[in-house]
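I have placed the structure first, in the form of structure tokens, so that the comments after it can refer back to it.
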Number of protein chains: 2
Amino acid sequence: MMAEEQKPLLTAANKLREYKIKNTPQRQVILSYLMTSHEHPSIEMIFNYVRGNGFSVSLATVYNTLQLLIDHNLIIEIASDSGGHMRYDYFEEPHYHVICVNCNKIVDVFDKSYKRLETEAMEKTGYQVFNSQYEVYGLCPECQLKLRKEKADLD
Amino acid sequence: MMAEEQKPLLTAANKLREYKIKNTPQRQVILSYLMTSHEHPSIEMIFNYVRGNGFSVSLATVYNTLQLLIDHNLIIEIASDSGGHMRYDYFEEPHYHVICVNCNKIVDVFDKSYKRLETEAMEKTGYQVFNSQYEVYGLCPECQLKLRKEKADLD
DNA sequence: CTTCCTGCAAAGCCTTTGCATGAAC
DNA sequence: GTTCATGCAAAGGCTTTGCAGGAAG
């Protein structure tokens, strides 16, 4: 097992140091949650996670911290549409998201080929491109079953 | 010149009829605005546009109408990030968006090759895919100049 | 004639802000 | 010791809701 997986809080602390962001317990917990879970959590999930692990935190701090991490390009914001709540994701390896429109579960696909379009975008528009995001919307396998069953029950 | 370009309100009315959506002046104006302008307007821009053209409308109706059009897959919502305001776009021909992070201008690129990834997403995740969106973030040519000038003025 | 859209105002919710305390470096 | 993060509570802004009147089909 890799050291990083054993001490996520330490890994997060190091990452903060690397980016010259002042280390606080709240920031370490929030970042380590984003780095290790693959839940793409919402603000509320993050807030509950931090408190649930015995750390004090306020919503204001969650908002502040997420904005800070976004500004440093450590994480990205995902518009999860149905429900209208933003979700957050540690973004080291380029990947795209497949989002369930029913339960909002988000799955990663680690294929960065979509990044190739950044060049085309630059050439066709003259924009100086920094970044791009690809998102796919559909129904996850569980929700496909659930909805099929609900429909069957109506018959 | 094509007929559609001459009578945008009529075209919008027909589109509503085609989708079996009850025709009202507000809906016609909103849809025709989205179909003809390439501004990817925000809620507020739509509200002002409708009133500016001599039609009565309330914010509640703008929200209702946009949600209705989204539910019928006539338009899509774009998360324009900086500023946090949603933008709306008539979405007939598949295309992706290049968004200026400084002035929020959104430009279309009509290359649907990104849609090919939907198949991969389906195979890799088991999701039943409906839809996908690709967005590129950068600086538009005008803002590149503006920011370069501002920087020069500091010297 | 029935359905259901509009628009107002109120309610609701999420996010941001200001400021005092206290922690990080 | 200085800087700056935290957290509370209050303010702010956007979006939704309920309901009465009225338009669309």
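Within every chain, numbering begins at 1; the chains are lettered A, B, ... in the order of the sequence lines, protein sequences first and strands thereafter. What you see is a predicted model, and the numbers here were worked out from it, not measured in a lab.
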- Item | Length of the line joining A:L59:CG and C:dC13:P, which is rounded to integer Å | 14 Å

- Query: A:N23 CG to C:dA24 C1': how many Å, rounded?
  - Reply: 9 Å

- Message: Judged by each residue's nearest nucleotide on DNA chain D, which is more toward the 5′ side, B:E44 or B:K22?
- Response: B:E44

- Rounding to a whole Å, what distance do you find between A:N64:CG and C:dT16:P? 9 Å

- Message: Please determine whether a side-chain nitrogen or oxygen atom of A:Q26 lies at a distance below 4.0 Å from atom OP1 or OP2 of D:dG7.
- Response: yes

- Query: Could you state the OH-C1' distance from A:Y63 to C:dT16, rounded to the nearest angstrom?
  - Reply: 9 Å

- Query: Rounded to the nearest Å, what distance is computed from the CD atom of residue A:E77 to the P atom of nucleotide C:dC14?
  - Reply: 15 Å

- Query: Is there a side-chain contact between B:H85 and B:I43, using heavy atoms and a 4.5 Å cut-off?
  - Reply: no

- Which of these nucleotides, D:dG7, C:dA24, C:dT6, is closest to any side-chain atom of A:P25? C:dA24

- Message: Regarding A:E135 and A:Y96, do their side chains bring together a donor and an acceptor under 3.5 Å, going by distance alone?
- Response: no

- Mind calculating the distance between OH (B:Y19) and P (D:dA24) to the nearest angstrom? 23 Å

- Message: Rounding to 10°, can you tell me the angle the first-five-pair axis of the helix from C:dC1-D:dG25 to C:dC25-D:dG1 makes with its last-five-pair axis?
- Response: 60°

- OP1 or OP2 of C:dG7 less than 4.0 angstrom from a side-chain nitrogen or oxygen of B:T61, does that happen here? yes

- Does a nitrogen or oxygen in the side chain of A:S56 sit under 4.0 Å from OP1 or OP2 of D:dG7? yes

- Query: What is the distance, rounded to the nearest whole Å, between atom CZ of B:F55 and atom P of C:dC5?
  - Reply: 19 Å

- Within the 6.0 Å centroid threshold, strictly below: B:H97 and B:H95: yes

- Start at the 5' end of DNA chain D and walk down; is the nucleotide closest to B:A60 or to B:R17 reached first? B:A60

- Message: Between B:H38 and B:D89, do the side chains contain a donor N or O and an acceptor N or O under 3.5 Å apart?
- Response: no

- How about B:E18 and B:N14: does a side-chain donor come under 3.5 Å of a side-chain acceptor? no

- Note on the structure: note: A:F47, atom CZ; D:dG7, atom C1'; distance rounded to Å ~ 10 Å

- Item | Distance test, side-chain N/O of B:T65 to OP1/OP2 of C:dC5, below 4.0 Å | no

- May I ask you to check whether A:Y137 and B:F130 place their ring centers less than 6.0 Å from one another? no

- Message: Quiz question: by atom type and distance under 3.5 Å, do the side chains of A:Q28 and A:Q26 form a donor-acceptor pair?
- Response: no

